[in-house]
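Beneath this line is the structure, given in structure tokens, with notes to follow.
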Amino acid sequence: MDYKISEFKDGIYWIDIETSSSIKARLCTFGASVYSLSIFNRPMILTLKDENEFLTCPQYYGKTLGRVCGRVRCDGELDGKPYHLLQTKDFNYCLHAGDDKSLSYKNFDYKVSENDKAIKVHFKIVDKDKENGFPGKCHISVIYEFSKEKPEFRIHFKGKTNETTLMNLSNHMYFNFDNDLDLKGYTLKMNASKYGLTDDTVFIIETKEVPSYLDFKKATKINSKFNDIVKSPLETIDNTFIFDSENSKKPQVILKNKDTKLSLYTDYPAMNIYLDNSLTDVKFANRDDFKLARGIALEPQLYNPNLNSLILRKGEKYNHFIRYKFKDLTK
């Protein structure tokens with residue numbers, strides 16, 4: 001089987017991918033998302049046990065983030081026109097473009113195509129003008145491309161608008177190789193020596209050198225910094241890092257345990273990392289006894305301290321990618 005399409009319910013579809021390069025993935029039209037992913041016969045991401053809960057769970061498991069990922073102030077102005085974004089409950093910002101009303105929780109149209117080298121799943125949606133307060137009618141595409149020859153895949157994000165708006169698309173898979181109890185023994189390497197320093201309202205106020213507990217410029221075990229991480233103001237890693245250079249042909253991030261290595265390539269200039277220490281009460285497919293640091297979300301994106309980098313105007317094209325390349329370290 002290369003791919004199979006089946007209806008889940010209410011016009012929501014699963015697209016199951018299986019390639020000769022040992023990739024198995026289940027995508028969903030809801031949120032243009034990744035429900036499950038295994039490579040080398042090992043799960044690569046946290047997978048919810050209940051497929052219905054996957055649709056509604058507020059932690060964005062595997063979902064596309066947009067129209068703007070991350071936290072944005074609710075009030076602003078673009079080309080002299082004011083806007084007011086949907087406010088996240090109990091906070092003073094708009095998170096991931098509108099929480100459960102964002103693209104993460106909308107059903108996309110889809111099309112599957114393939115050739116000798118890859119299977120592509122094309123998700124498309126039209127985000128209406130003033131949707132959650134964002135100006136402009138936007139055509140957005142999220143394209144997954146799975147290699148038939150190598151254990152790797154890409155996500156392409158594309159968009160255009162009929163008037164000036166904001167756009168910053170990403171994905172929120174939580175990586176955990178082979179359902180490990182936690183990730184503290186994982187090694188993380190990141191091509192970033194600077195990050196966005198936040199204030200008490202979690203908005204970036206300036207770009208600074210990363211503090212020692214967030215310094216992964218050299219390959220470093222997460223557990224060597226974990227005590228300092230949990231004592232930090234956020235009590236975890238939930239920070240935006242700026243890559244030292246934009247180089248889509250070299251890995252910007254490497255994450256590995258003893259069996260699996262993930263190399264992440266992207267043309268985005270920055271990445272938010274979220275280390276999930278929340279232990280929110282959700283049930284997973286293969287185990288329910290995870291400890292702190294049960295998953296890590298790697299979210300490449302545009303850097304948005306003043307929103308200028310997020311502005312997309314009529315006639316411009318939004319076009320970025322993330323490439324995930326896996327290696328089996330047991331061989």
Any donor-acceptor N or O pair under 3.5 Å, side chains N168, N304: no

Considering all heavy atoms, the nearest A293-L275 contact: CB-CD1, 4.0 Å

ring-ring contact (aromatic ring centres under 6.0 Å, His included) contacts in which one or both residues fall within residues 16-51, not counting sequence neighbours: W14-Y35, Y35-F54

CD1/I237 to CD1/I273 distance, rounded to the nearest 0.5 angstrom? 6.0 Å

Ion pair K194/E206, N-O distance below 4.0 Å: no

Note: S102 and G66 closest approach over all heavy atoms is CB-O, 3.6 Å

Could you walk me through whether D238 and N272 pass side-chain hydrogen bond (donor to acceptor under 3.5 Å, both in side chains), step by step? CA-CA 7 Å; D238 192 4; N272 193 84; 3.1 Å; yes

To the nearest 0.5 Å, atom CZ of R73 lies from atom OH of Y83 at 10.0 Å

Answer yes if F321 and L264 sit in the same cluster of Ile, Leu, Val, Met, Phe, Trp and Tyr residues linked by side chain heavy atoms under 4.5 Å apart, and no otherwise. no

Does E235 CD have over 12 foreign heavy atoms under 6.0 Å away? no

Approximate separation, where rounding is to 0.5 Å, of N171 CG and L298 CG: 10.0 Å

Here the pair of heavy atoms bringing P135 nearest to T164 is CG-O, 3.6 Å

Which class fits the ring pair F326 and F153: parallel under 30°, tilted 30 to 60°, perpendicular over 60°? parallel

Can you tell me if T47 and Y61 form a side-chain donor-acceptor pair at under 3.5 Å? no

Run the side-chain contact (heavy atoms from CB on, under 4.5 Å) check on F8 and L55 step by step: do they pass? CA-CA 11 Å; F8 179 36; L55 301 184; 3.7 Å; yes

Assess whether a salt bridge exists between D16 and R26, defined as any Lys/Arg side-chain N lying under 4.0 Å from an Asp/Glu carboxylate O. yes

Using modelled atom types only, decide if a donor and an acceptor are shared between the side chain of T64 and the backbone of S104 within a distance under 3.5 Å. no

Distance, nearest 0.5 Å, that separates CG of D127 from CG of L103: 4.5 Å

Establish, from distance only, whether the side-chain atoms of S248 and D267 form a donor-acceptor pair under 3.5 Å. no

Before accepting this row, confirm whether a basic side-chain N of the pair D215/K217 lies closer than 4.0 Å to the acidic partner's carboxylate O. no

If hydrophobic clusters are built by linking Ile, Leu, Val, Met, Phe, Trp and Tyr wherever their side-chain heavy atoms come under 4.5 Å apart, do L37 and V121 end up in the same one? yes

D259 versus T330, side-chain donor and acceptor atoms under 3.5 Å: no

Less than 6.0 Å separating the ring centroids of F175 and Y186? no

Which of D180, L181, L183, L279 passes side-chain contact (heavy atoms from CB on, under 4.5 Å) with R294? It is L279

Membership question, hydrophobic clusters at under 4.5 Å side-chain separation (ILVMFWY): are L214 and V230 in the same one? yes

Go through the side-chain N and O atoms of D276 and S278 and say whether any donor and acceptor fall under 3.5 Å apart. yes

Shortest non-hydrogen contact from Y318 toward L169: OH-N, 3.0 Å

Find out if a path of hydrophobic residues (ILVMFWY) with successive side-chain heavy-atom gaps under 4.5 Å connects V253 to L329. no

The criterion is side chain to side chain contact (heavy atoms under 4.5 Å, CB included); which residues satisfy it with D281, sequence neighbours excluded? none

Salt bridge check, E163 against K137: does any charged N sit closer than 4.0 Å to a carboxylate O? no

Using a 6.0 Å distance limit plus a 45 degree cone around the ring axis, check whether K225 lies over the aromatic ring of F216. yes

Would you say that more than 12 heavy atoms from the other residues, nucleotides or ligands in this model lie under 6.0 Å from the NZ of K256, or not? no

What I want to find out is whether D328 reaches R42 closely enough, with some N-O distance under 4.0 Å, to be called a salt bridge. yes

Less than 6.0 angstrom separating the ring centers of F157 and H320, yes or no? no

Looking just at side-chain N and O atoms, do H122 and S113 make a donor-acceptor pair shorter than 3.5 Å? yes

Between Q252 (side chain) and S245 (backbone), is there a donor-acceptor pair under 3.5 Å? yes

When you check the side-chain N and O atoms of N52 and K9, is any donor under 3.5 Å from an acceptor? yes

Rounded to the nearest 0.5 Å, the OH atom of Y3 sits from the CD1 atom of I5 at a distance of 5.5 Å

Please determine if R323 and E152 form a salt bridge, counting it only when a charged side-chain N lies under 4.0 Å from a carboxylate O. yes

Cation-pi between R71 and F203: NZ/CZ under 6.0 Å from ring centre and within 45° of the ring axis? no

Could you grab the distance from atom NE2 of H84 to atom SG of C94, nearest 0.5 Å is fine? 9.0 Å

Assigning hydrophobic clusters by single linkage (Ile, Leu, Val, Met, Phe, Trp, Tyr; side-chain heavy-atom cutoff under 4.5 Å), is Y110 placed with I155? yes

May I ask you to check if R287 and F284 form a cation-pi contact, with NZ or CZ under 6.0 angstrom from the six-membered ring centre and within 45° of the axis? no

Nearest heavy-atom pair of R313 and I311: which atoms, and what distance? NH1-CG2, 3.6 Å

So F108 and Y13, ring-ring contact (aromatic ring centres under 6.0 Å, His included) or not? Walk me through it. CA-CA 9 Å; F108 285 62; Y13 287 84; over 10 Å; no

How about T165 and R67: does a side-chain donor come under 3.5 Å of a side-chain acceptor? yes

